[in-house]
> 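Attaching a single structure in structure tokens format; questions to follow.
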Amino acid sequence: MNGTSRPLRIGVLALQGAFLEHSLMVRRLGAEPSEVRRPEQLEAVDGLILPGGESTTMGLVAERWGLVEPLRAWVHSGRPIWGTCAGMILLANRATGQKEGGQPLLGGLDVTVNRNYFGRQVDSFETVLEVPIFDPPQSPGIFIRAPGITQIGPEVEPLAALPGPVYVAVRQGPILATAFHPELTSDTRWHALFLQMVRAAETV
Ligand code: GLN
């Protein structure tokens with residue numbers, strides 16, 4: 001626990017995309033979700049989720065609202081962060097398949113992400129992932145215009161992959177990234193894993 005008995009506060013970046021579902025899941029697990037739209041709101045949370053949506057738009061809105069530097073500082077200070085789908089793209093050190101003119105990335109996660117690895121909107125699909133750290137390891141994966149991780153650095157721990165091979169879930173210290181949308185399923189284990197990471201960071 002975090003020294004006191006207060007529940008963990010989990011910020012969910014609420015600029016655009018699927019933030020509401022993350023908040024519901026966080027609440028279900030007994031933590032307190034908090035929508036983040038302004039830099040100062042980052043001060044009040046123990047961990048941060050970057051939701052799915054559209055990474056170029058999310059990056060541009062974050063830039064306009066003065067959030068890019070505060071978010072970079074968050075990641076680089078080693079505070080716990082989890083990016084799903086578009087959020088995962090924002091966390092990548094390197095991205096391919098970007099829109100013309102590129103997009104602001106936060107970086108921090110030593111991977112190369114292909115922004116639309118699994119194709120366009122019509123290519124959305126659902127599958128069962130094998131996640132060795134879970135028991136049982138089967139976990140549903142909902143992929144919506146999903147990115148894929150094509151290359152990982154030595155510090156990055158793969159958590160799930162699909163034939164390609166392409167990584168779809170990885171962890172690097174306090175950074176978690178998933179290419180799919182656990183918040184749209186009834187499997188709470190990804191959120192539980194992230195809460196565990198946040199709790200671990202609180203006790204160091
Ligand atoms: N491929 C999308 C992007 O570039 C992400 C899709 C999603 O988050 N569902 O942002």
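Counting starts at 1 for both ligands and their atoms, in listed order. Note that this is a predicted model, so its numbers are computed, not measured.
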> Determine, step by step, whether Arg199 and Asp46 satisfy the salt bridge (Lys or Arg N to Asp or Glu O under 4.0 Å) criterion, reporting the C-alpha distance in whole Å, the side-chain angles of both residues, the deciding distance to 0.1 Å, and the verdict.
CA-CA 8 Å; Arg199 221 167 276 130; Asp46 306 306; over 6 Å; no

> In a check of side-chain hydrogen bond (donor to acceptor under 3.5 Å, both in side chains) between His191 and each of Gln196, Arg27, His22, Arg28, which one passes?
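Checked Gln196, Arg27, His22, Arg28 against His191; only one passes side-chain hydrogen bond (donor to acceptor under 3.5 Å, both in side chains): His22.
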
> Considering only N or O atoms, set out every pair between ligand 1 and the protein closer than 3.5 Å, with distances to one decimal place.
from, atom 1, to, atom 2, distance (Å)
ligand 1, 1 (N), Arg115, O, 3.0
ligand 1, 1 (N), Asn116, OD1, 2.8
ligand 1, 1 (N), Arg145, O, 2.7
ligand 1, 4 (O), Ser55, OG, 3.1
ligand 1, 4 (O), Arg115, NH1, 2.4
ligand 1, 8 (O), Gly53, N, 2.9
ligand 1, 8 (O), Gly53, O, 3.0
ligand 1, 8 (O), Ala86, N, 3.0
ligand 1, 9 (N), Ile144, O, 3.0
ligand 1, 9 (N), His181, NE2, 3.3
ligand 1, 10 (O), Ser55, N, 2.5
ligand 1, 10 (O), Ser55, OG, 2.9

> Quick one: do Glu54 and Arg115 make a salt bridge, cutoff under 4.0 Å?
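Between Arg115 and Glu54 there is a salt bridge, with a charged N closer than 4.0 Å to a carboxylate O.
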
> Ignoring hydrogens and geometry, is there a side-chain-to-backbone donor-acceptor pair from Ser139 to Leu129 under 3.5 Å?
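No, Ser139 side chain to Leu129 backbone: no donor-acceptor pair under 3.5 Å.
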
> Could you tell me the separation between the CD1 atom of Ile81 and the CD1 atom of Ile49, rounded to the nearest 0.5 Å?
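Going from CD1 on Ile81 over to CD1 on Ile49, the span is 10.0 Å.
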
> For the residue pair Trp190 and Phe134, categorise the inter-ring angle as parallel (less than 30°), tilted (30 to 60°) or perpendicular (more than 60°).
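Perpendicular, since the angle between the ring planes exceeds 60°.
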
